[in-house]
Amino acid sequence: MIQSWSRTLIPTAKEAPSDAESPSHKLLTRGGYIRRVTAGVYDYLPLAWRVLTKISNIVREEMDAAGASELFMPVLVPIEFYAGTKRDEAYGDLLFKLTDRKGMVNALGPTHEETITELTKAGVASYKQLPLNLYQIQTKFRDEARPRAGLLRGREFIMKDAYSFHMGVEGPGGLNEAYDAMYRAYVNIFTRCGLSFTAVEAESGPIGGSASHEFMVNCESGEDTVLTCPASGYAANVEKCEIGPRPSDLHAAPAGDLQEVHTPGLPGIDQVGEFMKVKTRNMLKTIVFRVVEDRQGRGLRWVLATVRGDHDVNEGKVKAASGCTVELAPEKDAHAAGFAIGYVSPRAAKHHHTLLLIDPDACPPAEKPPFWVTGSDRKDHHVKYFNWKRDVGEAMLNDPAKVKVADVRNALAGDPSPRSPGAKLEARRGIEVGHIFKLGTKYSEAMGFSILNEKQERQPVIMGCYGIGVSRVMAACVEMSHDENGIVWPLPIAPYHVVITPMKVEPTSEAMRVACELSGRLAAAGFDVLIDDRDERPGVRFKDADLIGVPIRLTIGDKSLAEQSVEFKLRSDTQGKGEMVKIDSVVSRCLGTA
RNA sequence: CGGGGCGUAGCGCAGCUUGGUAGCGCGUUUGGUUCGGGACCAAAAGGUCGGAGGUUCAAAUCCUCUCGCCCCGACCA
């Protein structure tokens, strides 16, 4: 493919719009890839569309190879679809809604579980038609509270979403088989796109379901934190990451007499620590959760979770450790029940119907007695020298129905690995570009999609779903791979592989003649070539070539022509001056870099 | 949704405090000189100052309301 710069639209700019903050937003805008239309909504100009097309094609090839079939569903979805699974409420304002002339309310699809389930419900009548894996590459809409960072979190974005349908979980044709195939396809896709990425275990989020993995592009500017164990290869996001065994002791001696301190008007734990001149790691914070459902039927109404002041409670772990579905207690309800929100201490677990979960780091074994500051269970007061044994009492600490030591906090770098004794977790930042879920029967049950199995038993169909943020992949790639001069594309998704810069652009010039001849031979060899035929000064064209990030630049000037050569330079080679390559060897030299 | 900030030419900004009929740089157009890392000279085009209302002889500037956008947080595939 050959394109002249002057015959397409690449509006580069020296300065980025002042509202652009992240590197990908700035560089994609400056490079003439995207243009903001309104908050979180962008034009994709020709360069961007070429990149997106290349990513999409890699996605298609790998999805097809993994046995999936492409289809195309509407953006406009009747609201009833989402109401049927209660996701209209679950999504809330995140769902774009519009009313048509007849007064029908429609949504702009944020994902298509309901739509595809309706479709397969109508089209699949027998277990013999399963398994099935269907996908589309579509524009998705989410009315984000705060769109940000250009393409990384938009309100309109391009996504590949796939859905698989099965009669069973295990064995041939089962969900696990498809899930594993998708996992492998995703590894292939992101590898082929030239991304540095990590697959991590993840929580499945509001889409629901059991197992889940996220694919994260490794990048310091990423919004998400992932933890990895260098010894075992275990990797998970913060929400999911387990922490290895940690010793605990609830029976240490007190470090001193309990003292109450007046701490008026201090909203956060940091302020209290500052006021009392205590490090937050010497404080205990206790979060109150309301029990929505006690799955073990113990009649629990509250779960308290105590962690060290510098740690964060993890709601998912609280759910797992308590065996309850919980939610952060609404302040009003908690007050009514007698919890002094903001000043709650572990002693508050003396309430009836209350379970106390204690993180091991909140009760570590210590040679010298640990010094703790915590709430005083009354407004504007904290206590010093809190001690588990003395202040909560042996009786309660020894009652497994009331108190449990468990991992209930977010993992941090340096925590013990859950998979490899002695190893420590490492933290790094990432941008989520793919997510695969085992959905189970959540949607098929809610929507009545069940069919007869071999034994003539009616059973709900088991589903999986698999997403890739195609437009986010483009942005994440720029975040991962750029320098002060612009974007540095990996070859497989670069808009063009080669940019040819003839020093003289008159159609009759020798430089232009060579440029045309070379571009023909390169195109025949499979390269996408951009000829910078603009009548601009060399500096401008070099700067622009660096900015848009084309991997190979061929410069044709008098000096190189005198040697029957062109100047060959890789975009990734920042200080190199380029090398002279004989015109006849250019194609093979380019092939050598692919 | 809470906190902060910003809307003046395609982009980046000044002017606003102290009202007097809009300016700078980049880019664009034309002519000339240049020509290997964002050239120079000269001329030119381009703006309902986000919108509505108000105060005033007079509003980009002061007041009220409104719309939009960005950043931090909350939330989030």
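Chain letters run A, B, ... following the sequence lines, proteins first, then strands; residues in each count from 1.
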Rounded to whole Å, please give me the gap between [atom1] in [X] and [atom2] in [N].
X: A:Lys543; N: B:C26; atom1: NZ; atom2: P; answer: 17 Å
X: A:His25; N: B:C69; atom1: NE2; atom2: P; answer: 13 Å
X: A:Met503; N: B:U34; atom1: CE; atom2: P; answer: 19 Å
X: A:Leu151; N: B:A77; atom1: CG; atom2: P; answer: 19 Å

Within 6.0 Å of NZ in A:Lys319, more than 12 heavy atoms from elsewhere: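 Yes, NZ of A:Lys319 has more than 12 neighbouring heavy atoms, counting only those of other groups under 6.0 Å.
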Can you give one letter per nucleotide of nucleotides 6-13 of chain B, 5' to 3': B if a protein heavy atom sits under 4.0 Å from the base, S if only from the sugar-phosphate, - if neither? -----SSS
[X] and [Y] ion-paired at < 4.0 Å:
X: A:Arg553; Y: A:Asp573; answer: no
X: A:Asp312; Y: A:Lys285; answer: yes
X: A:Arg87; Y: A:Glu113; answer: yes

Between B:G73, B:G36, B:U28, spot the one nearest the side chain of A:Arg146, thanks.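 The closest nucleotide is B:G73.
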Which nucleotide wins on minimum distance to the side chain of A:Arg537, given the candidates B:G38, B:A39, B:G37?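 In terms of side-chain proximity for A:Arg537, the closest of B:G38, B:A39, B:G37 is B:A39.
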Tell whether A:Arg553 reaches the base of B:G37 with its side chain through a donor-acceptor pair below 3.5 angstrom. yes
Say we look at B:G19 and B:A59: how far apart would their P atoms be, to the nearest angstrom? 13 Å
Ring centers of A:His166, A:Tyr179 separated by less than 6.0 Å: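 Judged by ring-centre distance (under 6.0 Å), A:His166 and A:Tyr179 do not meet the cut-off.
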